[in-house]
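Fair warning: this is a prediction, and the values are worked out from it, not measured in the lab.
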Amino acid sequence: MTGSGQRSKHMDWKLEGSAQETESHVLQEQEIIPEDTGEDGISESFRLLQIDVECEHQKRETLPAGSATWCSKNVQRKQRNWEKIVAAKKSKRKQEKERRKANRVENSGICPQHSKRFLRSLTKEKLSEAKHSGPRLCIDLSMTHHMSKKELSRLAGQIRRLYGSNRKAGRPFWIYLTGFSADSPLYEECLRMNDGFSSYLLDVTEEDCFSLFPLETLVYLTPDSEDALEDVDMNKVYILGGLVDESIQKKVTFQKAREHSVMTARLPIQEYMVRRQNGKNYHSEILAINQVFDILSTYFETQNWPEALKKGVSSRKGYVLQNSME
């Protein structure tokens with residue numbers, strides 16, 4: 001009697017311990033948070049869940065009825081949780097894929113089925129063609145030695161935006177950075193601020209623009225010129241003064257062009273735009289080099305000065321198109 005009682009107690013103890021072990025195992029399983037491992041990871045998780053269900057089924061056969069029912073409900077609850085997680089992940093990935101697709105269409109203007117490698121190749125091809133047959137634009141960087149660190153940073157940002165606009169243009173210009181030394185503070189600032197600057201598809205030279213091209217082919221764009229630019233001539237080289245001057249020294253680029261007997265021209269802002277009254281009574285035709293380039297590039301593609309000026313001259317400058325006046 002005593003031996004039988006001991007065996008009975010021993011068996012009860014084993015069953016109770018097994019049930020506790022199963023419950024602890026299930027609770028630990030519930031605390032595991034799945035990581036976002038993609039489609040393969042989710043499939044693997046379902047496979048593990050199936051194995052877990054089979055294990056639970058095998059264990060249930062050795063447990064009392066109450067414990068087996070509790071474990072079965074717990075497995076079902078885990079399965080429902082997994083299904084919710086999988087559905088949420090699929091929805092999130094689908095939304096992210098559609099967002100990237102929309103961004104590619106908006107930024108490139110090209111059909112979304114093209115790969116990034118194809119788009120890079122197409123851009124490189126367009127720029128290489130512009131080098132041989134496109135309009136030419138020179139950024140004169142020979143005046144940066146008197147600029148502050150803040151002004152150099154702003155100029156580096158303008159160069160980045162100008163180059164980005166040219167890459168997206170349907171008919172890009174070929175760009176020269178002249179008077180640009182590799183050991184200058186501006187060069188270091190361009191490397192720091194502009195990703196991939198050393199791989200830009202353009203010409204960089206320490207030579208001055210006035211000695212690099214025949215003087216009769218040069219047109220220096222400056223707001224101080226008396227002559228309005230009428231058209232973009234493929235036989236000319238247009239020069240933008242790479243100068244960010246917070247003290248606004250007047251006629252710096254105009255005087256430099258005069259010293260070298262080079263033609264000058266201004267954007268036809270006065271011909272197509274009018275001054276708009278504002279609280280500060282502020283009106284200025286001085287634009288950043290990337291804004292001037294946006295106007296030139298848009299005009300070259302559209303042959304429409306009002307459309308081009310609208311893109312590059314913001315209302316903050318105090319000018320609006322003539323037909324926009326209320």
Side-chain angles (χ1 to χ4, degrees), residues 26-56 73-130 153-154 156-173 175 189-202 288 290-291 293-294 297-298 301-302 307 310-312 314-316:
V26 172
L27 290 175
Q28 290 177 0
E29 290 285 321
Q30 281 186 297
E31 293 176 356
I32 297 176
I33 300 175
E35 297 181 356
D36 187 1
T37 55
E39 294 287 352
D40 295 338
I42 293 174
S43 300
E44 179 66 15
S45 299
F46 270 125
R47 189 179 68 80
L48 294 175
L49 179 61
Q50 184 178 7
I51 295 174
D52 189 33
V53 172
E54 293 174 356
C55 293
E56 292 290 344
K73 291 181 178 179
N74 183 65
V75 171
Q76 293 175 4
R77 184 167 56 252
K78 287 197 296 181
Q79 185 171 356
R80 288 194 299 270
N81 288 339
W82 268 108
E83 291 173 352
K84 292 179 181 179
I85 291 171
V86 171
K89 289 180 183 295
K90 286 185 177 180
S91 177
K92 183 177 180 180
R93 279 195 298 273
K94 184 177 180 180
Q95 293 175 359
E96 181 64 18
K97 185 177 180 180
E98 291 178 350
R99 184 187 66 80
R100 291 196 300 266
K101 184 177 179 180
N103 285 341
R104 287 197 299 270
V105 175
E106 180 181 354
N107 294 333
S108 67
I110 301 175
C111 297
Q113 65 267 22
H114 295 312
S115 65
K116 291 183 178 179
R117 179 179 297 180
F118 175 83
L119 295 177
R120 286 195 297 268
S121 176
L122 182 62
T123 298
K124 185 176 181 180
E125 182 179 342
K126 288 195 303 181
L127 290 174
S128 297
E129 184 178 348
S153 296
R154 289 179 56 191
Q158 292 174 14
I159 292 174
R160 180 185 68 247
R161 289 188 286 273
L162 186 153
Y163 181 74
S165 295
N166 195 46
R167 289 181 74 252
K168 297 176 183 178
R171 302 174 66 189
F173 283 60
I175 298 173
E189 198 66 13
C190 286
L191 289 176
R192 184 183 71 85
M193 293 185 61
N194 305 350
D195 292 337
F197 175 75
S198 58
S199 301
Y200 278 9
L201 294 176
L202 44 71
N290 58 292
Q291 293 172 326
F293 175 76
D294 285 343
S297 178
T298 303
E301 292 191 27
T302 65
E307 183 177 341
K310 182 179 179 180
K311 183 171 183 179
S314 70
S315 58
R316 294 191 301 271

Nearest-0.5 Å distance that lies between atom [atom1] in [X] and atom [atom2] in [Y]:
X    : Y    : atom1 : atom2 : result
L201 : T123 : CG    : OG1   : 9.0 Å
L162 : Y200 : CG    : OH    : 10.0 Å
K126 : R171 : NZ    : CZ    : 11.5 Å
K168 : S297 : NZ    : OG    : 12.0 Å
F197 : S199 : CZ    : OG    : 10.5 Å
D294 : K310 : CG    : NZ    : 15.0 Å

Exercise. Looking only at heavy atoms, what is the nearest atom pair of N194 and A156, with distance?
Worked result: ND2-O, 3.3 Å

Exercise. Can you name the closest pair of heavy atoms from S153 and M193 and give their distance?
Worked result: O-SD, 3.4 Å

Problem set entry | Whether F173 and F293 hold their rings parallel, tilted or perpendicular, with breakpoints at 30° and 60° | perpendicular

Exercise. Does atom CZ of R160 have more than 12 heavy-atom neighbours, drawn from other residues, nucleotides or ligands, at distances under 6.0 Å?
Worked result: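 Result for CZ/R160: enclosed.
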
Problem set entry | Whether S165 side chain and R161 backbone form a donor-acceptor pair below 3.5 Å | yes

For this session: Name all residues meeting the side-chain contact (heavy atoms from CB on, under 4.5 Å) criterion together with T302; count only those two or more places apart in sequence or in a different chain, and write none if there are none.
Result: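 T298, N304, E307.
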
Problem set entry | Test side-chain contact (heavy atoms from CB on, under 4.5 Å) applied to E96 - qualifying residues, sequence neighbours left out |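 If we apply the side-chain contact (heavy atoms from CB on, under 4.5 Å) test to E96, skipping adjacent residues, the hits are R99, R100.
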
Exercise. Is it true that E83 and R80 have a side-chain N and a carboxylate O under 4.0 angstrom from each other?
Worked result: no

